[in-house]
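Keep in mind that the numbers below use all heavy atoms, side chains included, and drop hydrogens, waters and symmetry copies. Please read all numbers here as calculations on a predicted model, not as lab measurements. So that the names make sense, note that chain A is the first sequence line, chain B the second, and so on, each numbered from 1.
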Amino acid sequence: MTHELATLEKQVADLRAKLEGIERRVPSNKLSMVVFSGDLDRALAAFIIATGAVAMGMDVVMFFTFWATPILRDPAKKVEDKDFMGKMFGTMLPKGACSVKLSKMNMGGLGTAMMKNLMKQKNVASLDQMIALAGELGVQIYVCELSMELMGFKREEMIQYPAMDFCGVAKFLEEAMDSRIQLFI
Amino acid sequence: MSEAIHADKVMDLKGLPCPMPVVKVSKGIKEVAVGQILEAQTTDPGSLTDFPAWARTSGNEIVETIQENGIIRIFIRRKV
């Protein structure tokens, strides 16, 4: 009888260990997004999904890399000590959410201006308003350290955002593994 | 206006496009007690599919949806 009890106890312990292992592999109610594109339309879509996901009760993590990195620059901040390539990238790439262009029908900036006008008319939040809203809602932003390094961006020239950190690919993968949804925009 | 359901709080979301109605309601629902009714008034036709999706995901209940003169009135019971 005591022998049977001991066997049962062992089985329960084994099952509990297995269950814990399974639970660890179940992803959180989280959305991880790579924002790669520096286009206005794509960035807007990314932030609409991000804020919508918070409304749906999800945690949201956005990783900004490559062409999306300059979206988070603050046009009011100036950085002096850049090398030649850094200065070149700094000048050629958009300085913040307000100077990002449409992926289609930009028409030398005319199309983008028209779209922004239309958005205002139709009460659609602008990209910088969406970024502010995401911050308010607790969306975590990570910026790719490699992109910062490559394009010569400095942390001091990035916008004030409640939850912004800098990271590498491992951090993204850790979050992605623990997320129900992963998107690449 | 038909007043079938008593709302404990009314949110005017008219004129706001996606994703604002759902974002604002997800905040506003916390301002009524569990069991109480929040009425969201929107003009965004997307709300007709978005609010039920939001309610199912967040565990709340859409009690009634009324459409009149281009205004969509959605009554949500806070359940969690």
Query raised in the report: Nearest 0.5 Å, what's the CG-OG1 distance between A/Asn123 and B/Thr43?
Result: 8.5 Å
Query raised in the report: Which answer fits A/Gln129, side chain, backbone, both or neither, if we ask what part of it has an atom under 4.5 Å from a heavy atom of chain B?
Result: neither
Requested in this report: Report yes if the side chains of B/Val23 and A/Val54 come closer than 4.5 Å at any heavy-atom pair, otherwise no.
Outcome: no
Query raised in the report: Relative to chain B, which segment of A/Ile49 carries a heavy atom at a distance below 4.5 Å: side chain, backbone, both, or neither?
Result: neither
Query - B/Lys24 atom NZ, neighbour heavy-atom count above 12 within 6.0 Å - result: no
Requested in this report: Treat each ILVMFWY residue as a node, draw an edge where side-chain heavy atoms are under 4.5 Å apart, and state whether A/Leu44 and A/Met114 are in one component.
Outcome: no
Requested in this report: Mark yes when over 12 heavy atoms from residues, nucleotides or ligands other than A/Met151 sit less than 6.0 Å from its CE; otherwise mark no.
Outcome: yes
Requested in this report: Group every Ile, Leu, Val, Met, Phe, Trp and Tyr by side-chain heavy-atom contacts under 4.5 Å, then state whether B/Val22 and B/Ile37 land in the same group.
Outcome: no
Query raised in the report: Should A/Met85 and A/Met92 be counted in the same cluster of Ile, Leu, Val, Met, Phe, Trp and Tyr side chains packed under 4.5 Å apart?
Result: yes
Query raised in the report: What are the residues of residues 10-20 of chain B, in order of number, with any heavy atom under 4.5 angstrom from a heavy atom of chain A?
Result: B/Gly15, B/Pro17, B/Cys18, B/Pro19, B/Met20
Query raised in the report: chain A heavy atoms under 4.5 Å from B/Lys27: which part of the residue, side chain, backbone, both or neither?
Result: side chain
Query raised in the report: Side-chain heavy atoms under 4.5 angstrom apart, residues restricted to Ile, Leu, Val, Met, Phe, Trp, Tyr: same cluster for A/Val124 and A/Phe47?
Result: yes
Requested in this report: Check whether A/Met58 gets within reach of chain B through its side chain, its backbone, both or neither, counting any heavy atom under 4.5 Å.
Outcome: neither
**Report entry** NZ (B/Lys79) with more than 12 external heavy atoms under 6.0 Å
**Finding:** no
Query raised in the report: Heavy-atom count around A/Met105 CE within 6.0 Å, excluding the residue itself: above 12?
Result: no
Query - Cluster check A/Tyr161, A/Val35: I/L/V/M/F/W/Y, side chain < 4.5 angstrom - result: yes
